[in-house]
Amino acid sequence: MTASEPQGPSDAAAREAPAPPGPAAEVTARLPQLLEAMRSVGTGLELHGTLDRVCRTAAGLADARYAAIGVFDAQGQGLSDFVTCGVDEQVARRIGHRPDGRRGLLGALVREPSPVRLTDLTTDPRATGFPPGHPPMRSFLGVPIRVEGEIFGNLYLTEKAGGGSFDLDDLHMVRLLAAEAGSAIGNARLYEAARRRERWIDGSVAVTTALLSGGDADDALSVVAEQARHLAGSAAGIVLLTTEDGGLEVVAVSADRPAASLGVVIPADSPVVARLLAGEAVFATDAATDPRMLTRVANRYGPVMMLPLQSGGRVLGALATPREAGAPPFTEAERTLATRFASQAALALMTAEAQRDRERLAVLEDRDRIARDLHDLVIQRLFATGMMLESAQRGTGVPAVHDGIGRAVDELDVTIQEIRTAVFALQQGTAEVPSSLRTRVTREINMAAVPLGFRPVHRFVGPVDRAVGELTGKNLVAALREALSNAFRHAGASRIEVVVDATVRLPDGTGGVRLTVADDGVGMPLGGRRSGLRNLARRAESLGGSSRYGPGIGHDGAGTTVTWEAPLRPEPTGQLRPPPTGA
């Protein structure tokens, strides 16, 4: 049943009549049926299941072929849900969209919710017509449902059995059932609200645990996005963090196509960014048409919540949960729970950040100690050993011994230089980032040499510094760091080769840069974690590139080769969308 019927004059003789002062004889005879119906309505606590039971029970009580409940939206201007009984799935698909309660007879009953009884609804002047594929309906009975004194929606019955009309006894029985249904629906709503709060609390606990577990930061942010998407019933969960220029960058996405959004930057001059960084939430009923949404990503979505990740007066970023186009908007309860979830996630983010800062400080202190020991002890001893060998070289007359000692002294000189390079890398602060891509790559390799125990071999192909853009270069260095870290933690390698090639062509024909990190270690274990490889893939895909792995450079392909490639200068995905005409 829908909200549209053909126009026609009203059947005045069958319009609403007041309820009888007491039960008629027929009502008394049907009292056991009514009591059973009321008992059935009160079973179960799931809201949608309760609405479905009310429909089926009312249809059986009044001998109606079709029944429906139209649930009012938050503003009381239309219907947010429409539960039916008697209309099978095939007919429902043929009808198409469900009524919104803003026009026709159902719209009139939304604006003026009161009992209505019609012999032929097609003759009522408020009707506006059936959509194609809709089954024929004539007799009609409508009764409002009140929950805790407020109108929750309307119960509609059509097509009395035998082709007759609903009588006053039917009206009286259905009104009694509607009163009982109001109590059952109220209980179901309380239960749903409690379950919903419980799910959001469980989601907050999962996020806090992930962020404070000390694992990979990208994985923890992905947990935030996944939990937000699941709890909000949205098409995507998106985590954005602040950028150096005051904008917001998408750093974690849970969606069917995460790569399409990852890396998108909302510029600092966006009105959305200004409000979020001021600690204000942003709600939109349709992201695709809202002039505040300036990225191309917004074109795919409908209702959206954008909540600041704020704790202690500091805004770290934002959490966005967009729904599909045409989906119902977020309720006030959903907004409140999501805001609390975002605050909890922000607190966990700040705590995790403080924890990482402490760990980073401990690492820096340890690096300073190692650097001092290398400089003050190891280099000095190697230098003294070299002098002893040179003295011995001068005192021998045997050519073979003389040449051997000379080669040993040369090796010591090389070793001293490598240790000094490692000391320099250890003493460099994290903020001392050189501008040259070659230098940044070399620095990462030198820093990795300390925990690895050897220095990876590396080479550059093509005009790396001139051809590779800053965005790609930043991600390439991060990918190199991730690959070297994986090799140190998992590979057990004795040799690593790094190649940065700025002359490659990507599958679409555009120029690209390829990073290859190959080792002779143990290779990829079966069933092992792949979080590092997923991070590499996300970085590449956000730029329009790709990442893969294969056999290594050990004997018979032992080890692993990680290949990461991206466009030299990728097209920005966060382009501004032109404002709508007249904006």
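One-based numbering along the sequence shown.
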Original post:
For Leu109, does its backbone N or O pair with a side-chain atom of Asn154 as donor and acceptor, under 3.5 Å?
Top reply: yes
Original post:
Are the side chains of Pro115 and Pro144 in touch, meaning some heavy atoms are under 4.5 Å apart?
Top reply: yes
Subject >> Where at least one partner belongs to residues 314-340, residue pairs that pass salt bridge (charged side-chain N to carboxylate O under 4.0 Å, His left out), sequence neighbours excluded >> reply: Arg314-Glu353, Arg323-Glu334
Subject >> Side-chain heavy atoms of Leu171 within contact of Phe166, under 4.5 Å >> reply: no
Subject >> Reported CG-to-CG distance for the pair Leu471 and Leu476, which is rounded to 0.5 angstrom >> reply: 11.0 Å
**OP:** Supply the atom-to-atom distance Leu307 CG to Thr339 OG1, rounded to the nearest 0.5 angstrom.
**Re:** 4.5 Å
**OP:** Run through Leu240, Leu319, Leu276 and flag the one making a side-chain contact (heavy atoms from CB on, under 4.5 Å) with Pro308.
**Re:** Leu276
Original post:
Do other residues, nucleotides or ligands put more than 12 heavy atoms under 6.0 Å from the CZ atom of Arg146?
Top reply: no
Original post:
Of all residues at least two apart in sequence or in a different chain, which pass the ring pair (Phe, Tyr, Trp, His ring centres under 6.0 Å) check with Phe341?
Top reply: Trp200
Subject >> Side chain to side chain, Leu248 and Thr242, heavy atoms closer than 4.5 Å >> reply: yes
**OP:** Measure from the side-chain N and O atoms of Ser542 to the backbone N and O of Arg539, and report whether any donor-acceptor pair falls under 3.5 Å.
**Re:** yes
Original post:
For the side chain of Thr158 and the backbone of Ser139, is there at least one donor-acceptor N/O pair under 3.5 Å apart?
Top reply: no
Original post:
Is there a side-chain contact between Asp202 and Glu198 (heavy atoms, below 4.5 Å)?
Top reply: yes
